[in-house]
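When a residue number appears, it is its place in the shown sequence, counting from 1. Quick note: numbers below take in every heavy atom, side chains included, and nothing from hydrogens, waters or symmetry partners.
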Amino acid sequence: MSMAKKLFGSLRPNTFNKDHYPAFVRSLEEQYLQTLLTNTMSNTFYADQNELLSDAEQLHQEIANSNPNFMAKAIIFARNEGFMRLQPLFGLAILSIYRPDLFAKIFLLVVRIPSDLSDFLMILKGMGRGEGGRAVKRQVNRFLSGVSEYWAIKYNGRGRGYSLGDAIATAHPKPEDLKQQALFRYLRGLEANLALLPQVEALENLKLASTEEEQIAWIERGKLPYETVTGAIKPSKAVWEALLYQMPTFALLRHMNALQRAGALEDKRNLDYVVNRITDEQALRKAKILPFRLATAFRQVDHPELRDALREAAELTFNNLPELGEKTAIFLDISGSMNGQYLEIGSVFALALYKKTQGSSLFWLFDTEVVDARPSRKDSILTQAAQIHARGGTDTGAPVRKLIQERRKVDQIIIITDEQQNSGSPFYEQLRLYRSKVNRDVKAFIVDIAPYRHAMVPDQDPQTFYIYGWSDTVLSYIAQSVKGYSSLVERVEGVSLDG
């Protein structure tokens with residue numbers, strides 16, 4: 001390839017997006033990270049579930065063929081820092097075909113809990129690979145050797161894919177002692193010595209309890225998780241109150257409405273407990289709650305104190321996001337294809353980022369037109385996000401064009417979008433124009449929350465950075481890149497395969 005072609009030929013669009021608008025193909029590694037970190041497998045505005053599944057399978061196979069080491073690192077990163085499950089598990093299943101050695105190395109870094117194992121085995125079955133062969137069975141056995149009583153009673157629900165009992169029947173692990181032997185027998189539905197399994201014994205006695213007092217006694221004695229209790233009995237108000245103090249933070253968030261309907265939050269002590277847990281910054285970080293979960297709960301809950309707690313939780317979630325400084329322009333795509341979860345995520349991200357800016361920074365909404373939203377840095381993220389709604393078509397070049405027209409000098413542009421432009425002038429064309437007319441050194445950050453494989457900017461632009469995914473942690477790479485640190489791909493290349 002000539003130097004001229006290398007420098008200039010690749011700056012012209014070389015593909016089309018889902019709306020048949022000119023776009024770019026970025027590196028396979030970036031496309032792979034995008035698929036893992038957006039984790040979209042259900043219908044979207046532009047693609048149905050089957051198309052997304054087919055595209056994902058093709059991409060997993062392409063990266064397994066060309067760069068399996070990066071694939072393994074990306075899967076670890078997506079599962080543990082991006083907080084994604086399904087796409088990393090799908091990738092793990094395909095990696096087991098191409099590189100059994102890498103598959104074995106990362107299995108326990110990706111399959112973290114029994115529901116991961118269940119989904120992984122279902123994926124293998126769906127791929128027509130049955131039980132996966134000896135290499136897979138060895139790793140399943142490694143996982144099963146660490147199964148606890150708590151996991152046994154929480155995750156062994158039958159009739160929902162592969163249970164732990166099904167996995168044991170498939171892999172035939174050898175128990176290490178009498179307690180593990182009893183646990184494996186129980187999980188397979190066989191007669192077992194429950195005296196060796198106090199939590200299991202508590203669950204079985206809960207099913208037989210005839211009074212509310214007995215139910216609560218067994219719940220507390222066995223420290224039974226709420227999923228197990230609600231699957232075994234129909235909880236009363238008193239039972240919900242007993243469960244309340246054992247629920248993890250994520251469970252409290254998901255069951256706010258159930259607790260309220262049951263009357264468990266009528267007692268101020270219970271309500272205060274929930275509020276304190278939801279607004280505990282350390283507990284939020286440990287629970288790894290994706291920001292959009294808070295937005296979803298905020299939309300569903302009508303209790304004023306709970307809504308206030310969710311507002312505070314959202315602010316705490318982004319507390320550790322580094323400052324972005326002055327002269328930052330934040331553009332949020334509010335076009336029709338963003339409607340639903342994408343806009344819910346995007347609005348929270350955009351407002352969280354804006355709160356980390358200072359001075360004359362901008363916050364503009366765009367579809368085919370641009371609106372200066374002028375949000376408050378003091379009002380809550382969730383309150384303001386709930387007021388943002390999707391509208392019409394998409395012109396991703398429109399906000400940059402407005403910057404040029406107004407001669408607004410900014411140091412960094414952050415655009416949150418699904419990249420599906422369908423009208424107006426291309427984003428990259430306007431970005432290059434802005435650099436030639438206003439600020440040659442401006443950096444651009446594209447936060448893409450959709451899985452589509454085409455891009456607005458080519459690889460060769462050294463001042464543009466892509467960030468993918470739904471986790472608040474990915475946003476920290478914006479601040480790192482502003483300060484000259486590595487791209488997201490380079491960050492993943494630094495991941496250790498040794499755990």
Side-chain angles (χ1 to χ4, degrees), residues 25-41 55-113 116-117 119-120 123-124 127 132 135-136 138-140 142-143 288 290 445-453 455 459 462 464-481 483-499:
V25 175
R26 290 181 72 84
S27 74
L28 183 62
E29 285 75 17
E30 280 212 46
Q31 292 178 50
Y32 192 59
L33 269 183
Q34 179 179 12
T35 292
L36 290 175
L37 291 169
T38 55
N39 200 49
T40 304
M41 296 287 270
D55 285 350
E57 184 172 17
Q58 180 183 347
L59 189 53
H60 285 304
Q61 291 170 345
E62 287 176 17
I63 198 76
N65 259 318
S66 66
N67 196 345
N69 275 287
F70 181 86
M71 179 184 189
K73 292 176 179 183
I75 289 170
I76 294 171
F77 180 85
R79 179 69 185 93
N80 295 286
E81 293 195 46
F83 310 149
M84 296 295 134
R85 288 184 60 252
L86 199 54
Q87 283 287 6
L89 291 170
F90 192 12
L92 184 68
I94 290 176
L95 184 63
S96 70
I97 303 171
Y98 289 82
R99 286 291 300 272
D101 57 326
L102 288 175
F103 162 77
K105 204 166 197 177
I106 72 170
F107 186 86
L108 294 183
L109 298 174
V110 182
V111 178
R112 308 299 300 262
I113 56 177
D116 293 342
L117 181 65
D119 286 345
F120 174 75
I123 289 168
L124 283 181
M127 291 170 62
V136 170
R138 277 196 296 271
Q139 301 312 312
V140 172
R142 286 177 66 205
F143 180 88
K288 298 181 179 179
L290 291 169
F445 299 89
I446 300 171
V447 182
D448 193 334
I449 52 182
Y452 315 124
R453 292 178 63 175
D459 272 332
T464 299
F465 303 83
Y466 267 77
I467 294 94
Y468 306 106
W470 299 359
S471 164
D472 59 298
T473 59
V474 302
L475 297 183
S476 66
Y477 294 108
I478 294 176
Q480 292 177 12
S481 297
K483 295 176 181 177
Y485 290 99
S486 60
S487 69
L488 199 56
V489 168
E490 289 171 311
R491 166 68 182 86
V492 170
E493 286 173 339
V495 169
S496 171
L497 292 177
D498 297 320

Item to check | Audit row: L86, I123, side chain to side chain contact (heavy atoms under 4.5 Å, CB included) steps and yes/no | outcome: CA-CA 9 Å; L86 199 54; I123 289 168; 4.2 Å; yes
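- For E57, the side-chain hydrogen bond (donor to acceptor under 3.5 Å, both in side chains) test picks out no residue, with sequence neighbours left out.
- For E29, there are no salt bridge (Lys or Arg N to Asp or Glu O under 4.0 Å) partners at least two apart in sequence or on another chain.
- Looking only at side-chain heavy atoms (C-beta outward), V110 and F103 stay at 4.5 Å or farther from each other.
- Rounding to the nearest 0.5 angstrom, the gap separating the CD1 atom in I76 from the CG atom in L497 is 5.0 Å.
- Below 30°, between 30° and 60°, or above 60°: for F465 and F445 the angle between ring planes is below 30°, a parallel geometry.
- Applying the ring pair (Phe, Tyr, Trp, His ring centres under 6.0 Å) rule to pairs touching residues 60-88 yields Y32-H60, H60-F90, sequence neighbours excluded.
- The two residues G469 and T38 come nearest to each other via the heavy atoms N-CG2, 4.1 Å.
- For L95 against A72, the heavy-atom pair with the smallest separation is CD2-CB, 4.1 Å.
- Judged by distance alone, the side chain of K73 and the main-chain N or O of E493 form a donor-acceptor pair under 3.5 Å.
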Next on the checklist: As a quick check of understanding, evaluate side chain to side chain contact (heavy atoms under 4.5 Å, CB included) for I97 and M127, giving each step before the final call.
Outcome noted: CA-CA 11 Å; I97 303 171; M127 291 170 62; 3.9 Å; yes
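- Inter-residue side-chain proximity for N67 and L28 is flagged as unmet; no heavy-atom pair is nearer than 4.5 Å.
- Not counting sequence neighbours, the partners of D119 by the salt bridge (Lys or Arg N to Asp or Glu O under 4.0 Å) test are R85.
- Among residues at least two apart or in separate chains, salt bridge (Lys or Arg N to Asp or Glu O under 4.0 Å) pairs with a member in residues 92-106 are R99-D101, K105-D498.
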Next on the checklist: Could you go through R79 and D116, starting from their C-alpha distance and side-chain angles, then the distance that decides it, and tell me whether this counts as side chain to side chain contact (heavy atoms under 4.5 Å, CB included)?
Outcome noted: CA-CA 10 Å; R79 179 69 185 93; D116 293 342; 2.9 Å; yes
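- Not counting sequence neighbours, the partners of L108 by the side chain to side chain contact (heavy atoms under 4.5 Å, CB included) test are R142, F143.
- Scored by the side chain to side chain contact (heavy atoms under 4.5 Å, CB included) test, A455 finds R26, E419, Y466 as partners (sequence neighbours excluded).
- Taking R138 as the reference, nothing meets the side-chain hydrogen bond (donor to acceptor under 3.5 Å, both in side chains) condition, with sequence neighbours excluded.
- Looking only at distances, a side-chain donor or acceptor of Q34 sits under 3.5 Å from a matching main-chain atom of Y452.
- Every side-chain hydrogen bond (donor to acceptor under 3.5 Å, both in side chains) that N80 has, sequence neighbours left out, goes to R112.
- For Q31, the side chain to side chain contact (heavy atoms under 4.5 Å, CB included) partners two or more places apart in sequence, or in a different chain, are V25, L59, R453.
- Note: E81 CD to L488 CG = 9.0 Å, rounded to the nearest 0.5 Å.
- The two residues A74 and L33 make their nearest non-hydrogen contact at CB-CD2, 4.1 Å.
- Counting all heavy atoms, side chain and backbone alike, L102 lies closest to P68 at CD1-O, 3.6 Å.
- Between A78 and L36 the shortest heavy-atom distance is CB-CB, 3.7 Å.
- The side-chain heavy atoms of I94 and I63, taken from C-beta on, include no pair separated by under 4.5 Å.
- Taking CG of L92 as the reference point, atom CZ of F107 lies at 6.5 Å (rounded to 0.5 Å).
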